[in-house]
Visitor: 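A single structure is presented below for examination.
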There are 2 protein chains.
Amino acid sequence: MAPAVTSLRKERDLKAREELILDHARRLLAEKGFQAWNMEQLAVAVEYSKGTLYQHFSSKEDLVLAVASRILNLRADLFEQAASFKGSTREQGRAIGLASCVFAHRHPDFFHIEMMLKSASFWEKASPERKEAHARAGARCWRTLYNIIVSAIALGDMPRLPWSAEHATMALISITIGSHVVGMEHNLRVFAGIDNPLLSVRLNQDLVCDGLGWKPLLHEHNYAATDQRIVSEIFPDAAAFLIPA
Amino acid sequence: MAPAVTSLRKERDLKAREELILDHARRLLAEKGFQAWNMEQLAVAVEYSKGTLYQHFSSKEDLVLAVASRILNLRADLFEQAASFKGSTREQGRAIGLASCVFAHRHPDFFHIEMMLKSASFWEKASPERKEAHARAGARCWRTLYNIIVSAIALGDMPRLPWSAEHATMALISITIGSHVVGMEHNLRVFAGIDNPLLSVRLNQDLVCDGLGWKPLLHEHNYAATDQRIVSEIFPDAAAFLIPA
DNA sequence: TGGATTTTTGACCGATGGTCATTTTATGAT
DNA sequence: ATCATAAAATGACCATCGGTCAAAAATCCA
């Protein structure tokens, strides 16, 4: 029987190697997409053999899903930080909106990867553990926003009818994802004269919040000041692109 | 020199064969996604050889893009039909919203294909002509909605500030695409207790229209009656799922 | 130190997108 | 009808890549 201490070290080394693989895989995904690189190249990059890669991941798709989950957890981290903002429920919701922009700015490759995951074959080839991990990461994001909306309804900041808290959450997530997807479209951007897609994301979030009747409405409050506070208290290093000159 | 009459017939035959290929490719895409079928299988299905397929399409990606464009043009057709609805500008916008649901119901495979197109490598491997054709089809959808919103602003149905007609168009397209993408997510649907995703799409569209201040607002008008008219006048065969019992 | 166990490796396999020399078919003049 | 020429269809073939596994290397422990 092996001593516990060495087996612990092994586990740590294994974990570190997995991180190394994920780092390089992410870089390749960002640089080349999914098809334009192969497992052999990744093996060379991390200085292990192809066979070793397959001890960590059951398929190329499984590996990509792991990359996506890691980034999605960073998104959830940002959301949870944002949710700690002290202010009205709508201000907290706004903080999450800003968090989604900070995230998009820090991880511009994420949405491409996430779109890739919508393609059918990924979920067939990925291992159950990774699928579950990804669902957990997604649920973290969802829950953070959902909790704020439940508070908003409880406090009377948002009217009850005719949508449930779940519907309201889904609406805000939908406008955020949709705006990012549309903002990625190069044609549409030049066609619609949209130079800063992240600004559009925020504007669209405002529209939905107003549509939900989430008080105080856009015209009832100085949200530029709120933005200043959010940025300085939670995302100080993101001021440059969140607060336009 | 070949007589003009035979060359015309050839062109017609060629076009017919391309349609045949596209039909089968679409079926395979719907049944198996992108990876789980190959060009040889498609060749057998259409009873031509693989080489002949490559006289029509420069790559598998090019072929899939052509499938997507054909469906996207059907979407534009529906939008243009909807835009002919006689009523207030918001009612016309609503008709387009319903059209997007009719489309999603008739072509449930489209969004999977469209998500696939977001993956980088497609655009590198597709031919310039197909890329342009796809952009044109997308622009048709965009323009139809845009024109209505321009009218709405001109007529005073929608306030001017702080969004341009382009922004408003983008917001509505974003909520529509985003809602469909989120609605596709099986986890989220069970998590949020959303049984009918198309209903959520419409509700979310309403939220954005209200957020834009598009008159008459949801609570100022009986839109259930409008829906009845839209369905009976424009989408009579879609009544079953557009108007819940 | 040496034998047992675990881990790593890369040659190898099957499948697939894409090519192109060869074969087949269509055409039109005689 | 026949034939020469041009056009089109074909499928054998190639290179590539995801994934496997027997052999080699490294590690461990008595």
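Note that the coordinates shown come from a computational prediction; the quantities given were computed from them, not determined experimentally. Heavy-atom basis, side chains included; hydrogens, waters and symmetry copies ignored. Labels below follow one simple rule: chain letters A, B, ... track the order of the sequence lines, proteins then strands, and each chain is numbered from 1.
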Visitor: Output the rounded distance in Å from CD (Gln55(B)) to P (dT19(C)).
Guide: 12 Å

Visitor: Are Arg27(B) and Asp109(B) ion-paired here, with the side-chain N under 4.0 Å from a carboxylate O?
Guide: no

Visitor: Evaluate side-chain contact (heavy atoms from CB on, under 4.5 Å) for His180(B) paired with Ser100(B), printing each intermediate quantity in order.
Guide: CA-CA 10 Å; His180(B) 277 117; Ser100(B) 85; 4.1 Å; yes

Visitor: In terms of side-chain heavy atoms of Tyr54(A), which of dT20(D), dC17(D), dG18(C) is nearest?
Guide: dT20(D)

Visitor: Whole Å only: how far is the CZ atom of Phe57(A) from the P atom of dC17(D)?
Guide: 20 Å

Visitor: Please determine, for the side chain of Thr52(B), which listed nucleotide (dG19(D), dT10(D), dT9(C)) has the closest atom?
Guide: dT10(D)

Visitor: Taking only the side-chain nitrogens and oxygens of Arg17(B), find out if one of them lies under 4.0 Å from OP1 or OP2 of dA8(D).
Guide: no

Visitor: Hey, do the aromatic rings of Phe34(A) and Phe122(A) have their centres closer than 6.0 Å?
Guide: yes

Visitor: Could you tell me whether Glu185(A) and Arg189(A) make a salt bridge, using a distance below 4.0 angstrom between a side-chain N and a carboxylate O?
Guide: no

Visitor: Of the listed nucleotides (dG18(C), dA9(D), dG18(D)), which one gets closest to any side-chain atom of Lys60(B)?
Guide: dG18(C)

Visitor: Side chain of Ser49(B) only, please: which of dG18(D), dT10(D), dT9(C) is the nearest?
Guide: dT10(D)

Visitor: Closer than 4.0 Å, any side-chain N/O of Lys50(B) to the OP1 or OP2 of dG11(D)?
Guide: no

Visitor: Distance check needed: dT16(C) P versus Lys32(B) NZ, whole Å only.
Guide: 10 Å

Visitor: Gln41(A) has an atom CD; how far is it from atom C1' of dG18(D), in whole Å?
Guide: 13 Å

